[in-house]
Structure formats: C-alpha cells, structure tokens
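Just so it is clear: chains get the letters A, B, ... in the order the sequence lines come, proteins before strands, and each one is counted from 1.
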Protein chains: 2
Amino acid sequence: MWHTIPFGVHAHPVGGSMANTLDDVVSGALGVLDEFGLEFCSMRRVAGSLGVQPSALYHHVANKQTLLSLMAARIVADVEVSDDVAGSLHQLRAAMLAVRDGAEVVATASAFRLEVSTFEEALAERVGLDLARTLLIYVVGHTQSTQLHRQAAAVGAIALDPDLDGSFARGLALILR
Amino acid sequence: MWHTIPFGVHAHPVGGSMANTLDDVVSGALGVLDEFGLEFCSMRRVAGSLGVQPSALYHHVANKQTLLSLMAARIVADVEVSDDVAGSLHQLRAAMLAVRDGAEVVATASAFRLEVSTFEEALAERVGLDLARTLLIYVVGHTQSTQLHRQAAAVGAIALDPDLDGSFARGLALILR
DNA sequence: ACCTGAACACCGTTCAAGT
DNA sequence: ACCTGAACACCGTTCAAGT
C-alpha cells in the first residue's frame with residue numbers, strides 16, 4: 001500500500017500543502033469526531049478539516065462505513081490483551097472513553113466487523129469464545145451507555161450518575177465470577 | 001392525550017382519508033422499518049407511507065429521536081418481566097428479533113432513555129441493579145449482533161453462523177451462573 | 001496518485017398558511 | 001387538531017477531468 005511507504009517515491013506537491021495519505025484521512029476524521037461528535041462527523045466535514053473537496057476522500061476510502069471501521073481500529077489500536085483479562089478490558093474501556101463517542105464508533109464498526117475480531121480472538125484464547133463474546137458485548141455496551149449518559153448530563157438533560165465506573169467494574173466482576 | 005380517546009369528540013375528515021393519530025404514525029414508522037430497515041426509515045419515507053407531507057409528522061412528534069423512542073417502546077411493549085428471569089430475557093430477545101433492526105432501534109433509544117427503564121426497574125427488583133444492567137446490555141447487544149450478522153449473511157457478505165441462538169443462551173447462562 | 005468541480009438523489013426541521 | 005407548500009441547511013456518493 002502506498003500510504004505505508006514513509007517517503008513516497010512518487011512525486012508530491014512541495015509548495016504549500018502536502019498530499020494526504022490514508023492515515024491523514026483517518027487522523028482528520030478522528031479529530032472531527034473528538035471535536036464535534038459522531039453526529040457531525042460527516043464526510044464533508046472531514047474533507048473540510050483536511051482542506052480538500054469531499055470527493056477527494058473517495059480516493060482513500062471506499063465509503064463512510066470503511067472510514068468508521070478504520071477509526072475504530074485506531075481507537076483500540078494500543079490496547080493489548082494480556083492474561084490479566086479484567087485489566088485488559090479496563091484498558092479497552094479507557095481507550096474508548098478517551099475519544100468522544102469512541103464506544104459508539106467501535107460498536108457500529110465491530111458490528112460490521114474489521115478489527116475487533118482480533119481482540120475477540122486474543123480474548124477467546126484465554127477465556128473461551130462464549131465468554132469472550134459476552135465480555136466484549138458488555139464492555140462496549142456499558143462504555144457506550146457511559147458516554148451517552150455523560151453527554152446528556154453535561155447538557156443538563158439528566159442527573160449525572162457519579163458511579164458509572166463502579167457500575168462497570170461490578171458488572172464485569174459479575175460476568176467473571 | 002387526544003390519541004388515546006377511541007372516538008374523537010373533535011371533528012375528523014370523513015370522506016376519503018382519516019386524520020392520523022400518534023399511534024398511526026408509530027405504526028407507519030414500524031412498517032417502514034420492517035420493510036426497508038433503519039437506514040431507510042426516514043421521516044420523509046414514513047410520511048410517504050401515511051400519504052402525508054413530511055412536515056405533518058411534526059404535529060405528532062417533536063423530532064426523529066422521539067419517534068424512534070416510541071418505536072422502541074412498542075417493540076418491547078408485550079414483553080413482561082416475571083420471576084423466570086432467563087425466560088423474560090429470551091422473550092425480550094424474541095420481541096426485538098421480530099422486527100427488522102429491532103435491537104438497533106431499542107439500543108439507540110434506550111441510550112437516550114424512555115421506556116427500557118421500566119424494564120430495567122422490573123428486572124432490578126428481582127436480581128439487583130448491577131445484574132439487571134449487565135443483563136440488559138448483554139441481551140440488547142447480542143441481539144443487535146445477531147441481526148446485523150444475519151443481514152450480512154443474507155447479502156452474502158459473510159458466512160452464516162448457524163448457532164447464534166445457542167451463543168446467546170450460553171452467554172446468558174454465564175452471566176446468570 | 002491525488003485532487004477539483006459539478007452534479008444526483010437524498011436528508012431533518014421550520015414555518016406561515018390552509019381546513 | 002391536523003395538514004400543505006415551500007424553503008433552509010445540510011447529507012453520501014459518482015464521475016469526468018485536471019496535475
């Protein structure tokens with residue numbers, strides 16, 4: 001893939017603005033996501049943030065769904081599965097919480113599969129497939145709830161539950177018991 | 001509420017087409033959902049299915065989010081929580097599976113809260129709040145996975161997992177163990 | 001390889017006005 | 001109470017054409 005070559009052998013515009021790579025597009029999309037939320041993370045806005053026409057994105061990515069999957073992969077990229085299963089899942093939660101609507105992006109993308117399968121496999125090796133699936137559904141689902149709840153509370157639509165982290169930990173313990 | 005009065009005291013058009021009620025709008029929306037899926041369940045399409053202009057919907061409902069919450073409430077309306085907790089949750093799953101993208105509608109609506117809280121409360125009375133939350137996240141999440149997986153398989157994008165019902169039951173047993 | 005410009009077929013929502 | 005007609009500010013995606 002061209003975008004994995006650090007210094008392109010093909011000519012790049014030198015004056016003013018560099019040509020974008022796939023990674024630039026994903027980074028731009030994650031920037032828009034974190035600043036405005038998934039609702040406003042449109043192809044047109046991502047293009048705008050890169051200083052490019054919307055149609056230019058389709059040179060890098062087949063459609064929006066694919067871009068969302070790549071964003072999800074990046075969000076969970078640094079999480080590693082260890083023998084400390086509970087610790088790994090707390091790490092996964094933290095990674096999703098670190099970006100606005102992160103859990104929702106991972107949820108919709110993992111539905112259409114692409115990168116969470118890797119995570120699921122690594123987990124399944126340690127606890128079996130049934131438990132791995134159950135744990136992932138719970139972690140992503142509870143974290144999504146957490147983010148939506150906090151957003152609603154931040155906007156004053158709801159009273160803030162002060163113990164969402166505790167709720168998460170206790171539910172996880174129930175499954176792992 | 002006017003729409004709960006079986007025979008309206010207020011004048012209705014008699015010739016040709018009856019005026020719509022809130023329940024008609026929700027029914028129409030569920031019809032569109034079941035036929036075309038959530039992706040194509042737009043306000044404009046729902047309006048079209050009722051033989052009405054898009055703007056007319058806003059007389060019955062404040063926005064699309066509200067309509068989705070009412071749809072979710074209807075999808076789970078006939079599920080009753082009994083002392084047979086596992087049975088109740090199988091019932092919930094069946095109700096969501098009965099309509100196209102049913103679990104996704106319930107998931108997005110329960111995120112923004114409206115009717116699943118009733119379910120959660122009834123469940124919490126029997127098993128405690130932490131377990132109730134954990135169970136609901138799992139049931140809705142797994143069912144959503146099931147529907148998306150089956151859709152992808154129906155379109156030939158993926159090999160059909162023949163044991164999704166088994167997977168669900170085993171995961172549920174793991175949490176309830 | 002990467003991007004522009006223009007177009008196509010859509011969205012959700014608002015609002016004055018009709019009956 | 002329920003609806004129309006018209007408008008506003010957007011969408012995702014395609015495609016010929018430029019460099």
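If you check C/dC3, D/dC11, C/dC11 against the side chain of A/A56, the one that comes closest is C/dC3. Relative to the side chain of A/R44, the nucleotides D/dT14, D/dC3, C/dA7 differ in distance, and C/dA7 lies closest. Picking from D/dG12, D/dC3, C/dT4 the nucleotide with the shortest atom distance to the side chain of B/A19 gives D/dC3. Distances were taken from every side-chain heavy atom of B/P54 (C-beta onward) to each of D/dC3, D/dG12, C/dT13; the shortest belongs to C/dT13. Nearest to the side chain of A/K64, among C/dC2, D/dT4, D/dT13, sits D/dT13.
The main-chain N or O of B/S145 is never found under 3.5 Å from a side-chain atom of B/R150 such that the two would form a donor-acceptor pair. For the pair A/S167 (side chain) and A/D163 (backbone), a donor-acceptor distance under 3.5 Å is absent.
With sequence neighbours excluded, the residues satisfying side chain to side chain donor-acceptor pair (under 3.5 Å) with A/N63 are A/T66. In this structure, the side chain to side chain contact (heavy atoms under 4.5 Å, CB included) partners of B/A47, at least two apart in sequence or on a different chain, are B/V52, B/P54, B/L57.
Across A/F168 and A/Y138, no two heavy atoms sit closer than the pair O-OH, 2.9 Å. In terms of heavy atoms, A/L148 sits closest to A/E104 at CD2-OE1, 4.2 Å. For the residue pair A/Q147 and A/V99, the shortest heavy atom distance occurs at NE2-O, 3.0 Å.
A straight line from CE of A/M43 to P of C/dC11 spans 19 Å, rounded to a whole angstrom. Across the protein-nucleic acid pair, A/D24 atom CG and C/dC3 atom C1' stand 14 Å apart, rounded to whole Å. As a whole-Å value, the separation of A/N63 CG from D/dT14 C1' is 13 Å. Per the geometry, CD belonging to B/Q53 stands 18 Å off P belonging to C/dA16, to the nearest Å. Look at OH on A/Y58: it is 19 Å from P on C/dA6, rounded to the nearest Å. Here C/dC11 presents its C1' atom at 12 Å from CZ of B/R45, a figure rounded to the nearest Å. Summarising the geometry, the separation between NE2 on A/H59 and P on C/dG5 is reported as 17 Å, rounded to the nearest angstrom. Following rounding to the nearest Å, B/F40 (CZ) and C/dC10 (P) show an atom-to-atom distance of 10 Å.
Close to C/dA1, at under 4.0 Å from its OP1 or OP2, lies no side-chain N or O of A/H60. Note on A/S55: every side-chain N or O is 4.0 Å or more away from OP1 and OP2 of D/dT14. Residue B/N20 has a polar side-chain atom (N or O) positioned under 4.0 Å from OP1 or OP2 of D/dC3.
Base pairing in DNA chain C gives the following stems of 3 or more Watson-Crick or G-U pairs, range against range and under 3.5 Å: C:4-8 with D:12-16, C:12-16 with D:4-8.
Rounded to a whole angstrom, the distance from the C1' atom of D/dA17 to that of C/dA1 is 15 Å.
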